[in-house]
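Single-structure report; data block below.
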Amino acid sequence: MNRRHFIQTLGSGMALAGTGAFPLQALAAEPEMLQLTILHTNDVHSRIEPFPMDGSRYQGMGGAARRAAMIKRIREEQQHVLLLDAGDIFQGTPYFNVYGGELEMKLMTRMGYDAATLGNHDFDAGIEGLEKQLPNASFPLINCNYDFSNTILNGKVKPYQIFKKEQIKIGVLGVGIELEGLVPQALYKETRYLDPIANANKYADILRRDEKCDFVICLSHLGYQYRDSKISDIVLARNSRNIDLIIGGHTHTFLDEPAVETNLEGRQVLINQVGWAGIMLGRLDVYFERNRRGRCLSCQNLTVNTKRK
Amino acid sequence: MTITRLRFAIFLLLICWLAACKVNHLAQIQPQGYRMEPQSAALPAADEAIEALIMPYKTQLDAEMNEVIGTAAHTLATGKPEGTLGNWMSDLFQEQISAYMGKTIDFAMMNSGGIRIPTLQQGQITRGKIYELMPFDNMLVVVYVDASVVQEFADKMAREGGSPVSRQLRFVIKNGKALNVTVNGQPLQTGRMYSIGTSDYIANGGSDHTFFVDKPRDEVGVLMRDAIIEYVKKQTAQGQQIQAEKDGRVQ
């Protein structure tokens, strides 16, 4: 597999870190830089507490209280933060069996999650069980390839959500995995699975062209990669348009750094996924240059280095 | 042509200047991640307000889940083509289902993804640990299939490099196929029906076990998780610890 990553060739990347909007000294006052900090989790699977200290592989790792503290610290340091989750919030500890996902949603609300997409296990208490927890979630659930019209979730899941951070518009859409064969139909009921690629492209186009978003994020629970031709984040990235970043889940993949794929327009798409169980909190700092010109001045600093892993 | 384009571009730029419109360019993305290590100086202390929110839920849960129901003599782990944890669970399902049904079933199986923690650590086993091992509310069922379906199932297992199955089923994986499939030491017999214990999830075709769909079946009426808990308690009552070995059932 060809894994590439961004390298900061100039010192600007370092200089930018830890600041909000500021003028880039060397280029006079005209272009401004704005930093957006994206924090993300996936497949937290009801891991409210850290893993028990029982000698197992992840002992002592994770835990909502520590993640919350880290998020709080980053919010103190950064002006513009987006906190996102790529699904499978539910299932994996007795907290879910006993309380049905109530505490998971309350904690995410308290941590200030901005949006989450749906994973297959989020249907484990049935579509009614999921609907029952919506009042505990102050953040939107986002998905554009499940048709909920004949279900209790009709009108309660949005295809996308737009966030504005100063003059930067960020569009977030969500896609989910095929439920048939993965989740008993008795649980997802009349939910219809639609083509994730066609729908991601449809809504990314709306976000880019109609809504004029500067940055488009796709929250995905498709899975990072498969041996067969099954639709994954890699497949989605290569067949996408207008998506800048895919925040993935489902396969519990720990990526050391984001993967970079080329989309149908020849542009780069980043894919990131941070394992599972809240063992990792992902962070991506996205820098935008604002100027009155048709081209970007500091974007030349962005180089892509090919490295095999 | 070029000049027209250039003029147009200048015109656009001019409009932009006059309207003071600025364009946002994606300049750079810098990745970073935080590993939530148990004692890391780089991480802040746990958020107390969040801990307070969790506490009442935890107190109630712990009262129920911290009950010690047995002891693992050694650490059991998942693995391919076979693992001690998968062997132990499949064997106990075969035993428990046979007891519940009052007749011996041929073998039991589950999907690799159905075991939700990679190890059952040596030492005390709590009720909560079994919930982590088997969080799903899956019910036990018995499906009845002929030899061709058993072969089909074994081939699927072979393609996946092995998945949990009880000791009665044995075969060798070669080139992604299951060779020399035996049940209780006997080669598969055409015309004989085989009883397979599994979950309703698998029997309904979950994880691509489509060949079990629409086959005759019996509902056992017991949750998989409850069967595990009962088995562990039974062992404890008999003074036994939990243990399992790899016996080459799938190789």
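A note on names: the letters A, B, ... follow the listed sequences, proteins ahead of strands, and every chain is numbered from 1. Just so we're clear, the structure is a prediction, and the values are computed from it rather than from any experiment.
The number of heavy atoms from other shown groups lying within 6.0 Å of CG (B/Asp214) does not exceed 12. The number of heavy-atom neighbours closer than 6.0 Å to CG of B/Asn175, taken from other residues, nucleotides and ligands shown, is 12 or below. Annotation for B/Lys177: atom NZ does not count as buried by contact number, only 12 or fewer foreign heavy atoms lying within 6.0 Å. Within a 6.0 Å radius of NZ in B/Lys80, other residues, nucleotides and ligands contribute more than 12 heavy atoms.
Counting only distance, with no hydrogens or angles, the side chain of A/Tyr99 and the backbone of B/Tyr57 share a donor-acceptor pair below 3.5 Å. In terms of modelled atom types and a separation under 3.5 Å, the side chain of A/Arg66 and the main chain of B/Pro38 share a donor-acceptor contact. The backbone N or O of B/Phe136 sits nowhere less than 3.5 Å from a side-chain atom of A/Asp124 that would complete a donor-acceptor pair.
Looking only at heavy-atom pairs under 4.5 Å with chain B, the residue among A/Lys106, A/Arg67, A/Glu180, A/Gln185 that has the most is A/Lys106. In terms of heavy-atom pairs under 4.5 angstrom with chain B, the leader among A/Leu284, A/Ile38, A/Leu103 is A/Leu103. Per-residue counts of heavy-atom pairs under 4.5 Å with chain B were compared for A/Ser56, A/Gly282, A/Pro184, A/Gly278; the largest is that of A/Ser56. When each of A/Thr93, A/Ile279, A/Val98, A/Leu39 is scored by its heavy-atom pairs under 4.5 Å with chain B, the top score falls to A/Ile279. The choice from A/Arg227, A/His40, A/Arg57, A/Arg110 that makes the most heavy-atom pairs within less than 4.5 Å of chain B is A/Arg110. Between chain B and the options A/His121, A/Met53, A/Met111, A/His45, heavy-atom pairs under 4.5 Å are most frequent for A/His121. Top candidate by heavy-atom pairs under 4.5 Å with chain A, chosen from B/Thr210, B/Asn204, B/Leu53, is B/Leu53.
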Practice item. Please step through side chain to side chain contact (heavy atoms under 4.5 Å, CB included) for the pair A/Phe288 and B/Leu26, ending with a clear verdict. Key: CA-CA 5 Å; A/Phe288 298 92; B/Leu26 173 56; 4.2 Å; yes
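At a 4.5 Å heavy-atom cutoff, the contact between B/Gln60 and chain A is made by backbone and side-chain atoms alike. For A/Phe96, no part lies under 4.5 angstrom from a heavy atom of chain B. With a threshold of 4.5 angstrom between heavy atoms, A/Val286 approaches chain B through its backbone and through its side chain. In this structure, the portions of B/Lys58 lying under 4.5 Å from any heavy atom of chain A include both its backbone and its side chain. For chain A, the nearby part of B/Ile117 is the side chain; its heavy atoms alone come within less than 4.5 Å. For A/Pro94, the parts lying under 4.5 angstrom from a heavy atom of chain B are both the backbone and the side chain. For B/Asn24, the parts lying under 4.5 angstrom from a heavy atom of chain A are both the backbone and the side chain. Interface residue A/Asp244: only side-chain heavy atoms are found under 4.5 Å from chain B. Of the two parts of B/Ala77, neither the backbone nor the side chain holds a non-hydrogen atom closer than 4.5 Å to a non-hydrogen atom of chain A. Within the 4.5 angstrom heavy-atom criterion, only side-chain atoms of A/Phe215, from C-beta onward, approach chain B. Both the backbone and the side chain of B/Pro44 have a heavy atom closer than 4.5 Å to some heavy atom of chain A. Neither the backbone nor the side chain of A/Leu187 has a heavy atom closer than 4.5 Å to any heavy atom of chain B. Only the side chain of B/Arg225 comes within less than 4.5 Å of a heavy atom of chain A; its backbone N, CA, C and O stay farther away. Only the backbone of A/Gln59 has a heavy atom closer than 4.5 Å to any heavy atom of chain B. Neither the backbone nor the side chain of A/Lys169 has a heavy atom closer than 4.5 Å to any heavy atom of chain B.
The two residues A/Ala65 and B/Ile50 come nearest to each other via the heavy atoms CA-CG2, 3.5 Å. Here the closest heavy-atom approach between residue B/Ala42 and residue A/Arg73 is recorded as O-NH1, 3.0 Å. When all heavy atoms of B/Tyr34 and A/Ile74 are compared, the pair lying nearest together is CE1-CD1, 3.5 Å.
A distance of 10.0 Å separates OG1 in A/Thr37 from CD in B/Gln30, rounded to the nearest 0.5 Å. Note that CD of A/Glu49 and CG of B/Leu61 are 7.5 Å apart. Values are rounded to the nearest 0.5 Å. Separating the CG atom in A/Asn97 from the CE atom in B/Met65 is a distance of 6.5 Å, to the nearest 0.5 Å. Distance check: B/Met36 CE to A/Met280 CE gives 8.0 Å after rounding to the nearest 0.5 Å. Distance check: B/Gln32 CD to A/Leu281 CG gives 9.5 Å after rounding to the nearest 0.5 Å.
Checked options B/Gln124, B/Lys129, B/Gln121; the residue passing with A/Asp54 is B/Lys129 (criterion: side chain to side chain donor-acceptor pair (under 3.5 Å)).
Contact annotation: the side chain of B/Glu132 approaches that of A/Arg47 to within less than 4.5 Å [non-hydrogen atoms, C-beta and beyond].
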